[in-house]
There are 2 protein chains.
Amino acid sequence: MAEDRRTRRTRRALGAALVELVLERGFSALTVEDITEQADVARATFYAHFKGKDDLFARVTADLLEQLAQRLEPAISGSAIGFTGKPLLEMLRHVSDERDAYRVVLRGEGDGKPLQMFVDSCAAATAKEFKARAGRNDVQPRIDADLLARAWVGEQVAVLRWWAEQDTPPMPAEEAVRMLLDLALHGRYWASGFTAPDRH
Amino acid sequence: MAEDRRTRRTRRALGAALVELVLERGFSALTVEDITEQADVARATFYAHFKGKDDLFARVTADLLEQLAQRLEPAISGSAIGFTGKPLLEMLRHVSDERDAYRVVLRGEGDGKPLQMFVDSCAAATAKEFKARAGRNDVQPRIDADLLARAWVGEQVAVLRWWAEQDTPPMPAEEAVRMLLDLALHGRYWASGFTAPDRH
DNA sequence: CACGATACCGAACAGGGTGTCTGTAAACAG
DNA sequence: CTGTTTACAGACACCCTGTTCGGTATCGTG
């Protein structure tokens with residue numbers, strides 16, 4: 001078998017314990033013993049699986065990203081043309097399913113590297129989508145591609161975090177998706193009802 | 001006198017040492033002794049000024065924000081009507097002047113609280129600006145105000161970070177400001193030359 | 001300039017967290 | 001059932017933390 005049942009159990013327990021405790025006290029306030037105690041695992045066993053707190057956190061994040069990618073795959077291949085928002089919707093659903101883990105990551109806990117992993121992953125996917133679209137257009141972009149990518153991902157992550165931090169989300173995922181696409185398409189002055197000043 | 005020259009010297013030295021070392025090795029890898037050694041200050045003296053690493057970092061961030069606020073004040077009062085982008089430009093100039101400190105903060109080093117301070121500060125300023133504008137419009141916003149604010153600040157911070165991380169910035173501040181405003185006004189599909197799908 | 005006040009220094013201290021290593025007991029896969 | 005793998009409990013040295021101390025140098029002020 002690929003993996004012993006015991007190792008799976010302890011790894012899961014440690015991951016869950018980490019997420020729970022970070023939400024309670026914050027990552028920097030935790031000791032390895034706190035985590036092992038919460039997970040009901042011996043301290044020595046912890047070091048048999050992970051190099052330390054940060055390593056555990058990194059793996060939890062990596063697992064989350066992998067899970068997300070799996071759930072996104074059908075949504076992406078299914079809506080290859082146009083931007084139906086299906087992937088975005090699926091992403092929000094994943095956030096609501098794994099809310100605690102997302103909160104921990106998106107808060108930038110730890111040394112910020114888990115969040116960095118997440119952002120980089122989103123940026124890569126975005127860049128891919130951009131390139132695919134660019135192939136079907138030959139209008140000269142008014143905005144530097146790098147700047148655009150950063151802005152897009154930054155916005156996405158900020159909204160995701162806001163979404164994850166709501167207790168008993170007051171806004172359904174569909175509505176959030178509509179707003180996000182609206183925002184992305186037309187800009188925020190129009191979207192917020194503000195009048196835009198003339199250009200130049 | 002308000003402050004002894006000696007205290008100013010050591011505080012400055014410790015702050016500078018922190019920034020320098022974080023850029024080299026990352027916040028979590030630093031010990032208090034590393035910092036005091038770099039600053040050429042006795043370890044005991046460190047604790048006479050700060051509660052610990054995090055406290056020092058928090059003060060460095062607070063100082064940076066205060067300095068920014070001072071530089072922004074004339075730009076804001078000078079362009080009360082419309083959005084000329086003057087504050088934005090002044091902000092980018094400040095980033096380029098205090099590049100190292102900004103990099104450290106915007107990377108989310110430490111437990112992420114310094115970055116949080118920065119984001120909150122930006123959010124407060126943004127909300128203020130929003131309210132001022134809302135008073136001059138009575139169109140119903142299409143997008144939830146909270147979501148809009150998060151998105152706006154998230155984008156701003158992401159771009160700022162990207163800007164700060166460039167070595168020998170290839171894009172002048174004026175150009176970046178133009179693009180950011182463009183993006184904010186018209187949305188990214190139009191701005192990037194992509195065709196926008198029909199709404200609904 | 002001389003004074004008192006204040007900040008720095010260097011060393012030492014206890015306390016706690018880390019990371020590693022044992023031998024032993026239990027759970028696993030085939 | 002049997003050999004292998006994993007978890008356990010305890011102990012260990014090491015490093016970092018945060019605080020304390022008396023002695024010394026620098027400061028602001030009269």
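Convention: sequence-line order gives letters A, B, ...; per-chain numbering from 1.
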What's the closest nucleotide to the R5(B) side chain, out of dC28(C), dG28(D), dT18(C)?
dG28(D)
More than 12 foreign heavy atoms under 6.0 Å from CZ of R150(B): is that the case here?
no
Students should find that the end-to-end axis angle of the helix from dC1(C)-dG30(D) to dG30(C)-dC1(D), with five pairs defining each axis and rounding to 10 degrees, is 50°
Side chain to side chain contact (heavy atoms under 4.5 Å, CB included) partners for R12(A), two or more places apart:
R8(A)
Would you say D4(B) and T7(B) are linked by a side-chain donor-acceptor pair, where the criterion is simply a distance under 3.5 Å?
no
How close or far is atom C1' of dG19(C) from atom CZ of F50(A), stated in whole angstroms?
16 Å
Could you run down the sub-3.5 Å N/O contacts of the protein with nucleotides 7-10 of chain C?
| residue | atom | partner | partner atom | Å |
| --- | --- | --- | --- | --- |
| dC8(C) | OP1 | R6(B) | O | 3.4 |
| dC8(C) | OP1 | T10(B) | OG1 | 2.7 |
| dC8(C) | OP1 | H49(B) | NE2 | 3.3 |
| dC8(C) | OP2 | H49(B) | NE2 | 2.8 |
| dC9(C) | OP2 | A42(B) | N | 2.8 |
| dC9(C) | OP2 | T45(B) | OG1 | 3.0 |

Once you round it to whole Å, what is the distance between C1' of dG30(C) and CD of E3(A)?
18 Å
Those residues of residues 14-35 of chain B lying under 4.0 Å from DNA chain D by at least one heavy atom:
T31(B), V32(B)
Is there a side-chain contact between F57(B) and V105(B) in this structure, where contact means two heavy atoms from C-beta onward sitting under 4.5 Å apart?
yes
Any residue meeting side chain to side chain contact (heavy atoms under 4.5 Å, CB included) with V32(B), in chain and number order, not counting sequence neighbours:
T36(B), R43(B), F46(B), Y47(B), K53(B)
Specify the separation, in whole Å, of atom NZ of K51(A) and atom C1' of dT20(C).
16 Å
For the pair D63(B) and R59(B), find out whether any cationic side-chain nitrogen is under 4.0 Å from an anionic carboxylate oxygen.
no
Looking at every non-hydrogen atom in both residues, tell me the closest pair between R99(A) and E165(A) and how far apart they are.
NH2-O, 4.2 Å
Find the distance F46(A):CZ to dG10(D):C1' and express it as a whole number of Å.
19 Å
Taking T10(B) for its side chain and R6(B) for its backbone only, find out whether a donor-acceptor pair lies under 3.5 Å.
yes
Pair R71(A) + D97(A): basic N to acidic O under 4.0 Å:
yes
Between CG of D54(A) and P of dG17(C) the distance, given in whole Å, is 17 Å
Hey, is the side chain of Y47(A) poking within less than 4.0 Å of OP1 or OP2 on dT20(C), counting only N and O atoms?
no
Quick one: are Y102(B) and L68(B) in side-chain contact, heavy atoms under 4.5 Å?
yes
Applying side-chain hydrogen bond (donor to acceptor under 3.5 Å, both in side chains), which residue pairs with at least one partner in residues 111-124 of chain A are found, sequence neighbours left out?
D111(A)-K113(A), Q116(A)-D120(A), Q116(A)-R161(B)
